[in-house]
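Step one of this worksheet: look at the structure below.
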Amino acid sequence: MKSRIVLLGLVLALCLTLSVGCSSGFAASPEAVKIGVLMPLSGANSTSGNYQLEGMQMAVDYVNSHGGIDSMGGATIQLVTTDTAGDIQTALTEIQRLINVEKVSAIVGPFNSTVGASTAPIAIQYKVPYVITNAIADNIMQTGANKYVYRSNYGGSDMVPFRSQVAKYLASKMPDGKLKSVGIVYVNDDWGKTESSIWGDILKEMGVAVALNEGIANNSSDLSSVVNKIKSADPDFVVCAIFLNDAVLLTKQMKQYNCTVQLVGNGTGFSDNQYIPSVGVENVEGVMATRDFSPLFGVRNDGAKAVYEQYLSTHNNQQMPLETTNGWCGMGTMIEAIKAAASTDREKIADALYVMNLDENSFPLWFSIFSGVKFNTAGDAIGRFNQNEGMGETAGQILTQIQNGQYQLVFPEARATAKVNFPSAK
Amino acid sequence: MQFFLQAVLDGILLGGVYATLALGISLAYGIMDVINWAAGETLMLGMYLAFVLISSFGMDPYATIFVTFPVMFALGFFMQKFMLNGIMVRSGHFAGHNVLLFTAGFSYIASSLISIFFGTLTKSAVVPYANSSISFGNFVAPLTKLVSCIIAVGATLILFLFIHRSEIGRAIRATSQDRDTAKLMGINSNLMFCIGFALSFALLGLTASLLIPYFPITPYIGATFSFKAFIIVVVGGKGNIMGALTGGMFVGLVEKVFGSMVNDSFAQILVFCLLILVLLVRPDGLLSGRHEG
């Protein structure tokens, strides 16, 4: 009996020693900061969603592998990823799970404008800092004064000056310096309608006729009727705000129907890595696209260069998609806020975002040509609050053209890697 | 006028492919009175199979029919024999509901598995003759669409003859009309269900090979076609082979003519209005009264 009591005592002592040792061991490493991610990882926008998540993960890996968050004793960042499938109801469930169950300190996402508009009020309601990425509809930020919802990339209205510059630039290349008419093809969602409206206003101001203004469903099964309208209207160029699948289908079908009208894509569809191989090099010559700046055309510094070269080596030398650079920027912005807050506390992180003022060399901007990150907390002319106003005149946008199977930067001319071929001989 | 006639031509070319797609659903619906909710994903599986054959083995897209048709036939046969027959026997009056739920589950598994193995990136077969087209005066018919349409219409007619003139076809029709009586007549109804469902899958495999020359694919592409196919089935009448052909052509024409004359969004709304109208006025389909079982 006595020996049993001694044995029990020894076991208890051992457990106590181990538990003290373990708990002191955990106490030595700071608590990981949990950031929730809302992203369409399945469904129609899954390609873009996965690209963007990769950019976010790259930013997290970069910080974690470079000593974590200094101001928090080297705390690492942990992403809690959720799949919205681009669906509002799913996103509303997931954001509440992130806030109430996962207890994340902050949220980044969600790519889709409709999801952004429906989840932003939830973040404000629960007082959780939320950096919106990619979702560009203006109404997302028209939430009234608050310190919780921010957008790192441009909104629809911020694209106007650059779109206008592009229209004027292409007009200047016409023999008489004027555009006769321009067509618009857009996907029937918030982004597509925003683009259609922007281009319509720009063309109206320039006195250029809109030859066609055609909304299409995302992932259309056939676009021959649109192609025939383009062919019949024969505008100087067609601006397209459509996603990759439709961009591939439209380009292929234009070739099939011998339609040689110049395409000027907007957003992801015509700039995606898969666009050229999916359509075929011989079919994409001359296609232009406005897009966010890409590290393909240069990086800020040696740090950015190292990350980019690492990316290329693990991606078969494929260019970094714009969603990935936006993901890096959005997540980087949130990480900078956490660094400044030196806390996992939601209020403190929101306060840090509110007064954020990053310069062009800060790591979230490594793959963009933004001049900084500073949020317009007073609200802008169209009632948007917390929109990044440090993006410069072109909102980080460029115009590219595919020449000999490669994307070339053709505008702004100061950064151009090749001369534009427009109007091309039909 | 030329603009309108070009739209009509496009509608017919598109409608032919829609018809084989709809037949894939219509056969299962007509014979077994069950809805294969995974029709779109079955088509997607066929498209990925065709894509692998083209990109890895350099096969011609249309030659992949000789693989996609039998492979999808075998998959359909396997699914019916080892899974659905059991579910249908055990479910009694709820057989249709349970098969619908089963295929809904299968659709999720299929798209998830494909996204795991192939990723979610868009893939597209680059076909050397993809840009070729045939011109009749001012009218243009893309070669791939023309060939796809001809094969689709041919396959529909062959299927019509098979169902109406062959012994197996008659047995399938007998089973669809009255399973118990067919059994009493010595027909192996389970086998007929297997053949019917396998044929349904094989037609979706065929459609996959017809679409792959010009249509980009992702694991979620099924939904683009499945809703449309269900509309065609309703318009043409379930299980009605010629109905599927006419329904496919009709929907193709509505899409292209109104897409050209008004706009694509309006045309899509109109297609769904057509579904509602047919359900209200002729719920058995436009060709009701000519049910072929």
Side-chain angles (χ1 to χ4, degrees), chain A residues 40-51 85-86 185-188 212-229 231-233 243-249 251-259 269 272-283 318 321, chain B residues 2-4 6-7 9-11 13-14 17-18 21 108 111-112 115 119-128 130-133 135 139-145 211 213-221 223-225 227-228 252 255-269:
Chain A
L41 302 176
S42 61
N45 298 127
S46 58
T47 302
S48 294
N50 281 288
Y51 281 156
V185 175
Y186 62 95
V187 62
N188 263 327
L212 75 150
N213 195 358
E214 190 78 4
I216 62 166
N218 191 14
N219 283 324
S220 293
S221 57
D222 188 85
L223 291 171
S224 57
S225 49
V226 176
V227 171
N228 284 323
K229 279 184 180 173
K231 200 175 165 183
S232 168
F243 292 107
L244 177 62
N245 274 30
D246 295 319
V248 171
L249 191 61
T251 317
K252 279 188 166 186
Q253 294 200 323
M254 280 178 72
K255 288 286 167 190
Q256 289 181 332
Y257 284 83
N258 307 320
C259 179
D272 192 285
N273 278 332
Q274 297 300 312
Y275 175 68
I276 297 177
S278 294
V279 183
V281 173
E282 68 282 7
N283 300 325
Q318 295 251 308
Chain B
Q2 188 216 325
F3 191 60
F4 173 77
Q6 177 69 54
L9 177 63
D10 288 336
L13 294 179
L14 184 67
V17 180
Y18 278 176
L21 175 66
Y108 183 80
S111 52
S112 299
S115 64
T120 55
L121 298 180
T122 297
K123 299 196 185 303
S124 181
V126 177
V127 183
N131 299 335
S132 306
S133 51
S135 299
F139 301 110
V140 180
L143 187 65
T144 48
K145 277 186 165 181
L211 284 170
Y214 62 91
F215 203 83
I217 51 171
T218 71
Y220 306 101
I221 206 66
T224 301
F225 292 99
F227 275 115
K228 216 157 282 177
E255 267 193 16
K256 292 299 110 184
V257 170
F258 286 93
S260 296
M261 307 314 280
V262 190
N263 67 43
D264 197 50
S265 305
F266 178 76
Q268 298 303 327
I269 294 169

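Bear in mind that the values here come from a model prediction, so they are computed numbers and not experimental data. Residue numbers start from 1 in every chain, and the chains themselves are labelled A, B, ... in the order their sequence lines are given, proteins ahead of strands.
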Considering only heavy atoms and a distance below 4.5 Å, find which of [options] pairs most often with chain B.
| options | answer |
| --- | --- |
| A/L249, A/V248, A/I216, A/D222 | A/D222 |
| A/L41, A/L212, A/N228 | A/N228 |
| A/G49, A/G43, A/P277, A/S42 | A/G43 |
| A/S48, A/S46, A/G280 | A/S46 |

Discussion item. Between B/D10 and A/Y257, is there a side-chain donor-acceptor contact under 3.5 Å, judged purely by atom types and distance?
Written reply: yes

Discussion item. Taking the side chain as everything from C-beta on, heavy atoms only, tell me whether A/N258 gets closer than 4.5 Å to B/S133.
Written reply: yes

Worksheet item: Are any non-hydrogen side-chain atoms of B/K145 and A/S224 less than 4.5 angstrom apart?
Response: yes

Discussion item. Which atoms of A/N283 are under 4.5 Å from chain B, going by heavy atoms: the side chain, the backbone, both sets, or neither?
Written reply: side chain

Worksheet entry | Region of A/Y51 in contact with chain B, defined by heavy-atom distances below 4.5 Å | side chain

Fill in: B/T224: partners by side-chain contact (heavy atoms from CB on, under 4.5 Å), with sequence neighbours left out
A/N219, A/S221, B/F215, B/I221

Minimum heavy-atom distance [X]-[Y], with the two atoms named:
| X | Y | value |
| --- | --- | --- |
| A/K255 | B/N131 | CB-OD1, 3.4 Å |
| A/K252 | B/S124 | NZ-OG, 2.6 Å |
| B/Y214 | A/Q256 | CB-NE2, 3.8 Å |
| A/S225 | B/K256 | OG-NZ, 3.5 Å |

Where does [X] contact chain A at under 4.5 Å (heavy atoms): side chain, backbone, both or neither?
| X | result |
| --- | --- |
| B/F266 | neither |
| B/S115 | neither |
| B/A125 | backbone |
| B/P128 | neither |

Worksheet item: Near B/F139 CZ, under 6.0 Å, is it more than 12 heavy atoms from other residues, nucleotides or ligands?
Response: yes

Practice prompt. Inspect the surroundings of OH in B/Y108 and state if more than 12 heavy atoms from other residues, nucleotides or ligands are less than 6.0 Å away.
Written response: no

Practice prompt. Mind ranking B/V140, B/L14, B/T122 by heavy-atom pairs under 4.5 Å with chain A and telling me who comes out on top?
Written response: B/T122

Worksheet item: After noting the C-alpha distance and the side-chain angles of A/N188 and B/S265, does the key distance pass the side-chain hydrogen bond (donor to acceptor under 3.5 Å, both in side chains) rule?
Response: CA-CA 8 Å; A/N188 263 327; B/S265 305; 2.4 Å; yes

